[in-house]
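Each ligand, and each atom within it, is numbered from 1 in the order the structure gives. Computed from heavy atoms alone, side chains included, the values below leave out hydrogens, waters and symmetry copies.
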Amino acid sequence: MSNSERNITILGIETSCDETAAAIVTRMPDGSSDICSNIVLSQLEDHAPYGGVVPEIAARAHISNLDAIIARAIKAAGVSWDELDGIAATAGPGLIGGLLVGTMTARAIAHARNLPYIAINHLEGHALTPRLTSNIEFPYLTLLVSGGHTQLLIVTGVGKYHRLGTTIDDALGEAFDKIAKLLGLAYPGGPSVEKAALAGDAKAFDFPRPLKGRKDCHFSFSGLKTAVRYAARDISPLNDQIIADICASFQAAVCDCLCDRTRRAMAEFNLRFPNVTPPRLIVTGGVSANLAIREALSTLAQDQGVELYAPPLNLCGDNAAMIAWAGAERMAENIGDGHDITVHARWPLDPTAEPASGAGVKA
Ligand code: KG4
Ligand code: ZN
């Protein structure tokens, strides 16, 4: 029986940033899934005093916690080690220390159990999440918005990504985090800004919409971040209402930019795949937990006759179920690379994509 014709059960491990996570996922031959367990231990409290992730602290916390998290995932799933078909771990992009902890652990288990080890690109985990939750077909357009990345990708198959757009400066999650910090809101910034914005007036500040209307599909957030910084600096003292207004106005600018860039990418997708009706748009990554952004994209999708998929909130941010699933998808198609022993701080999903013009750090 080929791999695609049998159930595949994978242990997934995620340690690329500040979540220590392990999960067991089964892929059925019809492409449906069962998330047997999904354990995520957040290191939020360890990093909160520093207002951001400290790589050395993250790596040490992964070392301290990973074994117990894997044991919990196995127990919660009610599977035995013998029932596993492979071990998948995030091998990049991310913080090298954490990646080494996760991949070395995965490879040791794979070796001891005589199972295949599958190295997974974290971004692929996010990009394939809608197939885990909704079993949607290729091709689709993905808006991937996380702490380290902001990209528009056409996904045509497992491992087949065509990048249409990326950020030329800050990632969107990074912008949320920095704005929260400058406004004195709690870490991590995304959820704090979203919460504060609920009580704010989105029209109180007229923040810029960087790159809106441009013919390509790229993003930029550093000018918007600077505009927020100046607005906050010029008003002293800041009170809760002003902070709420700034957050709501910032979020409105973000939604406008995301919708404008996604509309452009959708036009590109429709040109390439005129027979995919309705076209499929998915939003994924930590920032896709933001309800204002989901609502804006949902309105855009309705206007454009597009089907929108957004993962359940617990699968937007970093988790190991998406890594296990990516491993199962790769194994089903026999495209796992059991001999990949390296980890990658940077690892583009589409290595052929040109750097965006004006690109600073995020290619
Ligand atoms: O995907 P993720 O968990 O980790 C990376 O791969 O980067 O994304 C983390 C990012 C952080 O910047 C966090 O502030 C942001 O996602 N985030 C949010 C929300 N929840 C998490 N941003 C805006 N609104 C949210 N509700
Ligand atoms: Zn992520």
Exercise for the section: Give the ring-plane orientation class for His122 versus His126, where under 30° counts as parallel, over 60° as perpendicular and anything between as tilted. Expected result: perpendicular
Practice task
Would you please classify the geometry between the Trp347 ring and the His344 ring as parallel, tilted or perpendicular, with 30° and 60° separating the classes?
Solution key: tilted
Handout entry: Side chain proximity check, Leu11 to Ile70, heavy atoms < 4.5 angstrom
Key = yes
Problem - Best match, Asp318, Val287, Leu123: closest heavy atom to atom 4 (O) of ligand 1 - result: Asp318
Practice task
Counting heavy atoms only, name the option from Gly190, Pro188, Ala171 that's nearest to atom 18 (C) of ligand 1.
Solution key: Gly190
Handout entry: Side chain, backbone, both or neither: the part of His126 lying under 4.0 Å from ligand 1 by heavy atom
Key = side chain
Fill in the blank from the handout: Nearest heavy-atom contact between Ser16 and Pro93 is CB-O, 3.8 Å
Exercise for the section: Write the atom name of the N, O or S atom in His126 that is nearest the Zn ion (ligand 2). Expected result: NE2
Handout entry: Under-4.0 Å heavy-atom contact with ligand 1, by part of His122 that carries it
Key = side chain
Problem - ligand 1 contacted by Cys17 (non-hydrogen, < 4.0 Å) - result: no
Completion exercise
In ligand 1, the atoms that come under 4.0 Å of a heavy atom of Asp177 are 11 (C), 12 (O), 13 (C), 14 (O)
Exercise for the section: Can you pull out the closest protein heavy atom to atom 17 (N) of ligand 1? Residue, atom name and distance to 0.1 Å, please. Expected result: Gly286 O, 3.7 Å
Practice task
Without swapping roles, check the side chain of Glu124 against the backbone of Gly159 for a donor-acceptor pair under 3.5 Å.
Solution key: yes
Exercise for the section: Check whether any side-chain N or O of Arg261 sits under 3.5 Å from a backbone N or O of Asp216 as a donor-acceptor pair, and report yes or no. Expected result: yes
Problem - Electrostatic pair Asp82:Arg113 at N-O distance under 4.0 angstrom - result: yes
Handout entry: Pairwise distance CZ(Arg72) to OG(Ser37) - rounded to 0.5 angstrom
Key = 10.0 Å
Exercise for the section: Decide whether an N or O pair under 3.5 Å exists between Glu194 and ligand 1. Expected result: yes
Exercise for the section: Could you tell me the angle subtended at the Zn ion (ligand 2) by NE2 of His122 and OD1 of Asp318, rounded to 10°? Expected result: 90°
Problem - Asp240 CG: over 12 foreign heavy atoms closer than 6.0 Å - result: no
Exercise for the section: Report, in ascending order of atom number, the atoms of ligand 1 lying under 4.0 Å from any heavy atom of Gly173. Expected result: 12 (O)
Practice task
Please report which non-hydrogen protein atom sits nearest to atom 24 (N) of ligand 1, along with the residue it belongs to and the distance in Å to one decimal place.
Solution key: Asn290 ND2, 3.1 Å
Practice task
Considering the heavy atoms of Gly317, write down every atom of ligand 1 situated less than 4.0 Å from one of them.
Solution key: 3 (O)
Completion exercise
Under 4.0 Å from one or more heavy atoms of Gly148, ligand 1 contributes atoms 7 (O)
Handout entry: Atom CZ of Arg209 with >12 non-hydrogen neighbours under 6.0 angstrom
Key = yes
Handout entry: For atom 9 (C) of ligand 1, closest protein heavy-atom neighbour
Key = Gly147 N, 3.7 Å
